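Take a look at the structure below.
Here is how names work: the chains are called A, B, and so on, in the same order as the sequence lines, proteins then strands, and each is numbered from 1. In this text the structure is predicted, and so the values were computed from the model without any measurement.
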Amino acid sequence: MPELPEVETVRRGLEKLVLGAQIENVKIYYPKIINGDPQSFQQELRGRTIESITRRGKYLIFNFDTGISFVSHLRMEGKYFVENPKTPLEKHTHIVFTLSDGQQLRYNDVRKFGRMHLVKTAQVQQLPGLKKLGPEPTAALFDKQLFYERLKHKKKMIKPALLDQTIVAGLGNIYTDEVLWSSKINPQTPAAHLSKSEADRLHDEIITELARATSQGGTTVFTYTDTFGHAGSFQKQLHAYGRKGQPCERCATPLKKIVVGQRGTTFCPQCQKVK
DNA sequence: ACGACTGTTATACC
DNA sequence: GGGTATAACAGTCG
């Protein structure tokens, strides 16, 4: 599942592989991936040069020479590959960008959940998903006091509150279970019930956990790979996610899996007690 | 064989 | 408007 560390790893890979490349042609095999008119998507991108590749939350943003940007969300299984045009198209490749250097940038997505938007660079922040996005989880941008204030006014439980992207950007199901485990907070705790010290702990864990995962190329749980086809290695350091029934690494109590806000949730019933 | 389950966001609805 | 359920999809597992 590409969450922030995986998307950032993909971004860094793409920066090495296709920054500065010019798009010669775009082939669309599954138009629903593209938000808006696929024909104009094709036409607008032809002849454009990739000037920069940025990221906001889990959104990848390709910026072009003429003030337009292409915003891509990988959702569950979206992947980019850079390959020789002679390599046969893999199953589930839906969009192919042929580049002037002779390579192809290919978008592959088994579940077809990923989405792409083409907008003016100045309009990127106005896209529905980006408009309400919370701060990036870095020490410079993610304010501790503000985090506590926002939680205090949320009616949701802490887990769905962290997943909703408006309080802080970039957490998905895996890292949410991890930071709650590290912070010893029960996922079903109402967000508004967290004490200041719990909120502070959680805030710090979010920053360090996502940074550590990013530095290790992200987590490969099911099928995630980066643009080079490499798996991440952070899955070796997961303490909660996917460890149902295994002993908690702090207290040896078997971890439990429950559903919270329609999402599978693994936690330690001993260390992460409801208060 | 078939239903349950997986996860992320936009959208519809209360 | 906030909260919540549902749709978008395909593959895997029991």
*asked:* Rounded to whole Å, how long is the line connecting atom NZ of Lys79(A) with atom C1' of dC9(C)?
replied: 14 Å
*Within the structure, does a side-chain N or O atom of Lys154(A) lie under 4.0 Å from either OP1 or OP2 of dG2(C)?*
no
_Nearest heavy atoms of Leu180(A) and Leu202(A), plus distance in Å_ = CD2-CD1, 4.1 Å
*Do you know the tightest heavy-atom contact between Lys91(A) and Asn108(A)?*
O-ND2, 2.9 Å
*Among dG11(C), dC9(C), dT8(B), which nucleotide sits nearest the side chain of Lys91(A)?*
dG11(C)
*Please check if atom NZ in Lys152(A) has more than 12 non-hydrogen atoms from other residues, nucleotides or ligands closer than 6.0 Å.*
yes
_Please determine whether a side-chain nitrogen or oxygen atom of Arg115(A) lies at a distance below 4.0 Å from atom OP1 or OP2 of dA8(C)._
no
*How close or far is atom P of dT4(C) from atom CZ of Arg263(A), stated in whole angstroms?*
14 Å
*Between dA1(B) and dC9(C), how far is it from one P atom to the other, in whole Å?*
24 Å
*Please determine if a side-chain N or O atom of Lys132(A) lies less than 4.0 Å away from the OP1 or OP2 oxygen of dT9(B).*
no
*If only side-chain N and O atoms of His92(A) are considered, is one of them under 4.0 Å from the OP1 or OP2 phosphate oxygen of dG11(C)?*
yes
*Considering just the side-chain nitrogens and oxygens of Tyr59(A), establish if one lies under 4.0 Å of OP1 or OP2 belonging to dA10(B).*
yes
*Please give, in whole Å, the distance from dC9(C) C1' to His73(A) NE2?*
16 Å
_Angle between ring planes, His94(A) versus Tyr107(A), binned at 30° and 60°: parallel, tilted or perpendicular?_
tilted
*asked:* If I take atom CG in residue Leu74(A) and atom P in nucleotide dA8(C), what distance separates them, rounded to the nearest angstrom?
replied: 21 Å
*Considering heavy-atom distances to DNA chain B, does Pro128(A) or Gln262(A) have its closest nucleotide positioned more toward the 5' end?*
Gln262(A)
*Is Glu6(A) salt-bridged to Lys58(A), going by a charged N under 4.0 Å from an acidic O?*
no
*Does a nitrogen or oxygen in the side chain of Lys257(A) sit under 4.0 Å from OP1 or OP2 of dT6(B)?*
yes
*Distance between P atoms of dT9(B) and dG1(C) (Å, rounded)*: 22 Å
*Whole Å only: how far is the NZ atom of Lys58(A) from the C1' atom of dT9(B)?*
9 Å
*Starting at NE2 of His94(A) and ending at C1' of dC9(C), how long is that distance when rounded to a whole Å?*
9 Å
_Protein-nucleotide distance (Phe113(A), atom CZ; dT9(B), atom P), rounded to Å_ = 12 Å
*Provide, to the nearest angstrom, the distance between the CZ atom belonging to Arg150(A) and the P atom belonging to dG3(C).*
10 Å
*asked:* Between Lys112(A) and dA10(C), is there a contact of a side-chain N or O with OP1 or OP2 at under 4.0 Å?
replied: yes
*asked:* I want to verify a distance call: between dC9(C), dT4(C), dG11(C), whose nearest atom is closest to the Lys156(A) side chain?
replied: dT4(C)
